[in-house]
A.B. asks: 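I have a structure here, written as structure tokens, and I will follow up with some questions on it.
Just so it is clear, the model here is predicted, and its values are computed rather than measured. Quick note on labels: first sequence line is chain A, next is B, and so on, each numbered from 1.
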Amino acid sequence: MTTSFTEMIKAVLKKIPRGRVATYGQIARLAGNPRAARQVVRVLNSSAEKDNLPWFRVINSRGGISLKRGQGYELQKALLENEGIVFGIGEIVDLKKFQWKPRVKKAGTRK
DNA sequence: AACCTGACTTCGG
DNA sequence: TCCGAAGCCAGGT
């Protein structure tokens, strides 16, 4: 099939549930290439608006917003807080609590 | 086809 | 724990 990496990334992005966040690396991993974090950025820049992707739910590995002040930082933070995400000391999100943990489809995952 | 770029991540000091 | 350097990758020029 013609499933490009970009398509995979978009698909993953669309799955991030409201009230949760995901890291660039995590998305890349879920899309099939653990080291393609930078490609995630590319996709967001090129198709976020166009494809209604929840770009604001994507943050860096430290749990912080990568955008700069005056360049979307404020907006992203506001959107996340609006969904219940909490920013603690250092404007950092507690990934332990808010990171999206998708169910991996594999035998034994049943509960 | 080579070179550049980026909302990253990891590693070493 | 903090900071800088190096590594990485695919799409655009």
A.B. asks: Check the pair A:Phe98 / A:Leu80 against side chain to side chain contact (heavy atoms under 4.5 Å, CB included), numbers first and verdict last.
C.D. replies: CA-CA 10 Å; A:Phe98 302 105; A:Leu80 290 177; over 6 Å; no
A.B. asks: Quick check: do A:Val93 and A:Val86 have side-chain heavy atoms less than 4.5 Å from each other?
C.D. replies: no
A.B. asks: Looking at every non-hydrogen atom in both residues, tell me the closest pair between A:Ile59 and A:Gly64 and how far apart they are.
C.D. replies: CB-O, 3.3 Å
A.B. asks: Can you name the nearest heavy-atom pair linking A:Gly19 to A:Ile85, along with the distance?
C.D. replies: O-CD1, 3.2 Å
A.B. asks: Between A:Lys101 (side chain only) and A:Lys96 (backbone N and O only), is there a donor and an acceptor less than 3.5 Å apart?
C.D. replies: yes
A.B. asks: Going 5' to 3' along DNA chain C, which nucleotides are the first and last within contact of chain A (any atom under 4.0 Å from a heavy atom)?
C.D. replies: C:dG7 to C:dG11
A.B. asks: Where along residues 68-94 of chain A does a heavy atom come under 4.0 Å from DNA chain C, residue by residue in number order?
C.D. replies: none
A.B. asks: Tracing side-chain links under 4.5 Å among I, L, V, M, F, W and Y, which residues wind up in one group with A:Phe5?
C.D. replies: A:Met8
A.B. asks: For DNA chain C, determine which residues of residues 22-37 of chain A have any heavy atom closer than 4.0 angstrom to one of its atoms, and list them numerically.
C.D. replies: A:Asn33, A:Arg35
A.B. asks: Using 0.5 Å steps for rounding, measure from the CD atom of A:Glu81 to the CG atom of A:Leu79.
C.D. replies: 10.0 Å
A.B. asks: Applying side-chain hydrogen bond (donor to acceptor under 3.5 Å, both in side chains), which residue pairs with at least one partner in residues 22-48 of chain A are found, sequence neighbours left out?
C.D. replies: A:Gln26-A:Gln99
A.B. asks: Please tell me if the side chains of A:Trp100 and A:Val21 come closer than 4.5 Å, counting only heavy atoms from C-beta onward.
C.D. replies: no
A.B. asks: If hydrophobic clusters are built from ILVMFWY residues whose side chains come within less than 4.5 Å, do A:Ile92 and A:Phe56 share one?
C.D. replies: no
A.B. asks: Please report the closest heavy-atom contact between A:Ala37 and A:Ala28, naming both atoms and the distance.
C.D. replies: N-CB, 3.6 Å
A.B. asks: Name all pairs fulfilling the salt bridge (charged side-chain N to carboxylate O under 4.0 Å, His left out) condition that reach into residues 44-69 of chain A, sequence neighbours left out, sorted by first residue then second.
C.D. replies: A:Lys10-A:Asp51, A:Arg57-A:Glu83, A:Arg69-A:Glu74, A:Arg69-A:Glu91
A.B. asks: Would you please name every residue forming a side chain to side chain donor-acceptor pair (under 3.5 Å) with A:Ser66, sequence neighbours left out?
C.D. replies: A:Asn60
A.B. asks: A:Phe5 or A:Arg38: which one's nearest nucleotide on DNA chain C is closer to the 5' end?
C.D. replies: A:Arg38
A.B. asks: Quick one, which residues of residues 48-61 of chain A touch DNA chain B with a heavy atom under 4.0 Å?
C.D. replies: A:Trp55, A:Asn60, A:Ser61
A.B. asks: Name the nucleic acid region contacted by A:Thr6, choosing base, sugar-phosphate or nothing; use a 4.0 angstrom heavy-atom cut-off, strictly under.
C.D. replies: sugar-phosphate
A.B. asks: Please evaluate residues A:Trp55 and A:Leu67 with respect to the criterion side chain to side chain contact (heavy atoms under 4.5 Å, CB included), reporting the C-alpha separation (whole Å), side-chain torsions for both, the decisive distance (0.1 Å), and the verdict.
C.D. replies: CA-CA 11 Å; A:Trp55 61 273; A:Leu67 288 173; 3.9 Å; yes
A.B. asks: On DNA chain B, reading 5' to 3', which nucleotide is the first and which the last to sit with an atom under 4.0 Å from a heavy atom of chain A, could you check?
C.D. replies: B:dT5 to B:dT9
A.B. asks: May I ask you to test the A:Ile9-A:Leu44 pair for a side-chain heavy-atom distance under 4.5 Å?
C.D. replies: no
